[in-house]
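Some notes on the structure that comes next.
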Amino acid sequence: MRLSRFHLPLLKETPGDAQIASHRLMLRGGMIRQQAAGIYAWLPLGHRILKKIEQIVREEQNRAGAVEMLMPTIQPATLWHESGRYDAYGPEMLRITDRHDREMLYGPTNEEMITAIIRSGIKSYKALPQMLYHIQWKFRDEVRPRFGVMRGREFLMKDTYSFDVDAAGARKSYLKMFAAYLRTFGRMGLKAIPMRADTGPIGGDLSHEFIVLAETGESEVFVHKDLMDMSLPPADLDFDGDLEPLFEQWTSKYAATDEMHTPEEFEAIPEGERMNARGIEVGHIFYFGTKYSEPMNAYVEGPDGKSFIEMGSYGVGVSRLMGALIEAYHDEEGCKWPMAVAPFHVGLVNIKAGDADCDAASERLYAALEAQGVEVLYDETGDRAGEKFARMDLIGLPYILTIGPRGLKDGQVEVKSRATGEKENIPLDSVADVIAARV
Ligand code: ATP
Ligand code: MG
Ligand code: MG
Ligand code: MG
């Protein structure tokens, strides 16, 4: 992508109402623009990052055996009357009336709709288990939308729903999602720790919030330090195998948000091994049994008669993750995107645009990189060198390749790692191969 053709409106001034780094950098770096409180337009740079995050979430869902679909954002209120949640949900639900005076709403979540879909689509227990997911915009009329996309009103969520014949099956589905979430956040470079969460009236131990530690997080958390160094499940994990040992390994150490905190239990851990910190909820998995299937009459016929479907739901805050990632990866100058979610793999800076040799070398390298599948943001503008470097540091692409008259004399390209600040010179002829091997 040529920078001159890309829409990248940067802000010089830090917007006054942006209190945390990720919000500031997303505005300054031309990733988002607010349209109303908690409602954002995703500009091209932000959109690319959002899509990268979404794709990792998707791949790990697919790996775990969940099947993608898409439900609408607007739902009829009738579904929510069936479950009894229409009145219970309260003012966080955006309610809409259509021209025929029908009550509609902008979905804050999809348990009711998916239950209705499964109810009409499945009759026999032999069709179960199933796991379905979609990645769709949600709306919650938060009292205090803040911190940019972290607590938006309109936000992108991945939500999966599992359907099983019995509780033992539902537990297996739950464990699949548990493992998938560890991999999902890990692939993005985030340490998200599963913490016990409130299960409500059903009880049991099957609700976890996945929390990324960050000073600016809204939740207070209490964790055993060992959880910071746990290894993630491998890509070839057998999701149909026994996931209990993995679950046990991750849940035997103390980890709870303030809502679920039991001080006595926490304080029994040696002082040097416990941590009291803040964190961001990036995912939440929940087994809720027949909470929706019963009132909505979603059942299967089995050998022993009819039974209500056992369900669970599993959410990931896709758009919130972008904020969480910046909180984890930035410095004074700007973002430092991990390769896996970077909007482009590299920035290519021609510091002397207009110079015939620099132009020719830059164009050649740009083409060579693209030919190898490297995603390049190519700064071929006539802006000052200082401005070009500051811009690259702000948007935070993993590598910045610089072509200038001095390096070119020796046939060299300067390659800077945004993460470490380290610079190296690589011959122009081989730099595309070297970089392609690193992305
Ligand atoms: P929170 O405690 O932050 O309000 P929640 O517990 O209400 O979140 P869930 O219903 O568990 O949210 O939804 C699943 C995921 O969706 C959350 O883990 C979070 O990552 C994301 N999410 C929820 N609300 C928002 C929001 N207002 N803006 C952005 N992401 C959100
Ligand atoms: Mg909430
Ligand atoms: Mg929550
Ligand atoms: Mg939650």
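Both backbone and side-chain heavy atoms feed into the values below; hydrogens, waters and symmetry mates do not. Residue numbers count from 1 along this sequence. Counting convention: from 1, in listed order, for ligands and their atoms alike.
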At less than 4.0 angstrom from any non-hydrogen atom of Glu142, what atoms of ligand 1 do you find? 24 (N), 26 (C), 27 (N)

Contact between ligand 1 and Leu156 is defined here as a heavy atom of the residue under 4.0 Å from a ligand atom; is it met? no

Spatial distance of atom CG (Leu25) from atom NZ (Lys336) [nearest 0.5 Å]: 11.5 Å

When you measure from atom 28 (N) of ligand 1 to every protein heavy atom, which one gives the shortest distance, and what is it? Gly152 N, 3.1 Å

Assess Arg274 against Phe266: is NZ or CZ under 6.0 Å from the centre of the six-membered ring, and within 45 degrees of the ring's axis? yes

With a 4.0 Å cut-off, would you call Glu111 and Lys291 a salt bridge? no

Can you find a side-chain donor-acceptor pair between Asp159 and Tyr161 that sits under 3.5 Å? yes

Of the protein's non-hydrogen atoms, which lies at the shortest distance from atom 18 (O) of ligand 1, and what is that distance? Glu281 OE2, 2.7 Å

Minimum-distance protein heavy atom relative to atom 14 (C) of ligand 1: Met157 CE, 3.8 Å

Just go through Phe286, Phe210, Phe155 and tell me whose heavy atom is the nearest to atom 30 (N) of ligand 1. Phe155

With the Mg ion (ligand 3) as the point of reference, which N/O/S atom of Glu281 is the closest? OE1

Backbone or side chain, does any N or O of Arg153 fall under 3.5 Å from an N or O of ligand 1? no

Is Lys172 paired with Asp164 through a side-chain N to carboxylate O contact shorter than 4.0 Å? no

Would you mind checking which non-hydrogen protein atom is closest to atom 7 (O) of ligand 1, with the distance to 0.1 Å? Arg140 NH1, 3.1 Å

Could you check whether Tyr366 and Arg2, counting side-chain N and O atoms only, form a donor-acceptor pair closer than 3.5 Å? no

If you measure from each heavy atom of Met150 to ligand 1, is any distance below 4.0 Å? yes

For Val282, the ligand 1 atoms with a heavy-atom partner under 4.0 Å come out as 18 (O), 20 (O)

Residue selection (non-hydrogen contact nearest atom 25 (C) of ligand 1) among Glu92, Arg320, Met322, Arg151: Arg320

Does even one non-hydrogen atom of Gly283 get within less than 4.0 Å of ligand 1? yes

Considering the heavy atoms of Val149, write down every atom of ligand 1 situated less than 4.0 Å from one of them. 29 (C)

Closest protein heavy atom (residue, atom, distance) for atom 15 (C) of ligand 1: Gly317 N, 4.0 Å

Under 4.0 Å between a Lys/Arg side-chain N and an Asp/Glu carboxylate O for Arg418 and Glu333? no

Do NZ/NE/NH1/NH2 and the carboxylate oxygens of Glu218 and Arg146 come within less than 4.0 Å? yes

Verify the distance criterion only: is there a donor paired with an acceptor across the side chains of Ser417 and Glu422 at less than 3.5 Å? no

Ring pair (Phe, Tyr, Trp, His ring centres under 6.0 Å) assessment of Tyr86 paired with His81: CA-CA 5 Å; Tyr86 189 66; His81 285 304; 4.5 Å; yes

